[in-house]
Amino acid sequence: LGDTNVVNMGALPPSIFAVNSDVRLRVWFNDGVRGFQLLSPDQRVAAVGYALVAKMAEKLASDPSAATPVSGMVWIRPGSFVMGSPSFEVDRVAAEGPQTVVTLTSGFWMGTREVTQAEYVAIMGTNPSTFTGDLSRPVETITWYDAVAYCVQLTTQERNNGHIPSNWAYRLPTEAEWEYAVRAGTATRFSYGDDPGYGNLSNYAWDNVNSLSTSHPAGQKAPNAWGL
């Protein structure tokens, strides 16, 4: 990348090293006849002299999802959203306002589902949950301090095992990070739509109607657009 010993490489304009708005990389190639061309997703090239993957080195440094996938988690890209709900939203309560524009300048990893009892027991050695009998259920009946302690101990274990870099850490998401991830780029009442009559809610959540007043194994409901 940027090897000036390759013909025309050193003369490439900076615009070539651009990243699309959706963070997919533009790939430029030199076919030896027409010079550098933009390789579109649906384009097939039989013979390519060489290809340039735009800003890959920079991307790896700024976006961990490009290089280090974390098991059971998804990469949430930075961005802006409107936090809170509008005053006219169905069943909205006052604590959901006022609406505020929030910008998250850094991306982060988030678990695709709740921490299970099995995962909690493996780190903390105890199970404080009320609904026991199936360790694939979410852990519950824990304090904020318990949750923070779990994150600290999980971080130590994963660093020691070489599963995460030494400067990474597990932690609880902020309120803004949580709502941003849950909304998944939407501005509707739920991530799947407004659903004023709750007709589709049972596909996405356990509630006081379909749960039979007990917890259930994590990850059984449909995810949002970001895989949560």
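Taking A147 as the reference, I142, L172 meet the side-chain contact (heavy atoms from CB on, under 4.5 Å) condition, with sequence neighbours excluded. Listed by chain and residue number, nothing satisfies the side-chain contact (heavy atoms from CB on, under 4.5 Å) test with N208 (two or more places apart in sequence, or in another chain).
Criterion: ILVMFWY side-chain heavy atoms under 4.5 Å apart, direct or through other members. Under it, V148 and F108 are not part of a common hydrophobic cluster. Put simply, V74 and V115 are part of two different groups of oily side chains (I, L, V, M, F, W, Y) that touch within less than 4.5 Å, one to the next. A chain of hydrophobic side-chain contacts below 4.5 Å, direct or via other Ile, Leu, Val, Met, Phe, Trp or Tyr residues, connects V102 to L228. Clustering ILVMFWY residues whenever any of their side-chain heavy atoms sit less than 4.5 angstrom apart, transitively, puts L104 in a cluster other than the one holding W75.
For the residue pair T141 / S129, no side-chain donor-acceptor distance below 3.5 Å is found, with atom types taken as modelled. In the model, D195 has no side-chain atom that pairs as donor or acceptor with a side-chain atom of Y204 under 3.5 Å. Residues R183 and S191 bring no donor and acceptor atom of their side chains to less than 3.5 Å of each other.
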N161 vs E158, side chain to side chain contact (heavy atoms under 4.5 Å, CB included): CA-CA, chis, key distance, verdict | CA-CA 5 Å; N161 291 338; E158 295 296 271; 4.2 Å; yes
Walk me through it: do Y180 and R77 pass the test side-chain hydrogen bond (donor to acceptor under 3.5 Å, both in side chains)?
-> CA-CA 10 Å; Y180 175 69; R77 287 161 34 189; over 6 Å; no
Please assess I123 against Q157 for the test side chain to side chain contact (heavy atoms under 4.5 Å, CB included), listing each intermediate value before the final yes or no.
-> CA-CA 8 Å; I123 298 298; Q157 173 181 287; 3.3 Å; yes
Worked verdict on R171 versus E177 for side chain to side chain contact (heavy atoms under 4.5 Å, CB included) | CA-CA 12 Å; R171 62 170 174 81; E177 288 172 338; 2.8 Å; yes
Let me see the working for R137 and T116 under side chain to side chain contact (heavy atoms under 4.5 Å, CB included), right down to the final yes or no.
-> CA-CA 5 Å; R137 293 178 175 184; T116 65; over 6 Å; no
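Once rounded to the nearest 0.5 Å, the distance linking CD of E89 with CG of D194 reads 7.0 Å. A distance of 11.0 Å separates CD in E114 from OG in S136, rounded to the nearest 0.5 Å. Interatomic distance, CH2 of W109 versus CD1 of I76, reported as 9.5 Å (0.5 Å rounding). Taking CG of N160 as the reference point, atom OG of S166 lies at 11.0 Å (rounded to 0.5 Å). Note that the OH atom of Y120 and the CD atom of E140 stand 11.0 Å from one another [nearest 0.5 Å]. Distance check, rounded to the nearest 0.5 Å: CZ of F81 to OG1 of T186 gives 10.5 Å.
Heavy atoms from other residues, nucleotides or ligands lying under 6.0 Å from CD of Q220 number more than 12.
Remark: side-chain polar atoms of T100 are paired, donor with acceptor, to backbone N or O of P98 under 3.5 angstrom.
When hydrophobic residues (I, L, V, M, F, W, Y) are linked wherever their side-chain heavy atoms come within less than 4.5 Å, F131 remains an isolated member.
The two residues D207 and N210 make their nearest non-hydrogen contact at N-OD1, 2.8 Å. P196 approaches R189 most closely through the heavy-atom pair CA-NH1, 3.5 Å. The heavy-atom pair separating T188 from F190 by the smallest distance is OG1-O, 2.5 Å. In plain terms, the two heavy atoms of D134 and P217 that are nearest each other are OD2-CG, 3.5 Å. The two residues M124 and A149 make their nearest non-hydrogen contact at CE-CB, 4.0 Å. What you find for R92 and E96 is that their closest heavy atoms are CG-OE1, 3.4 Å.
Considering only heavy atoms from C-beta on, D146 stays 4.5 Å or farther from Y150 through its side chain. Within the 4.5 Å cutoff, the side chain of S202 has no heavy atoms near those of the V209 side chain. Two residues are said to be in side-chain contact when any heavy atoms from C-beta on lie closer than 4.5 Å; Y192 and L201 meet this criterion. Looking at P173 and M110, their side chains come closer than 4.5 Å, going by heavy atoms from C-beta outward. Counting heavy atoms from C-beta on, the side chains of N127 and T132 come closer than 4.5 Å.
Judged by the 6.0 Å distance and 45° axis criteria, R159 is not positioned over the aromatic ring of Y170.
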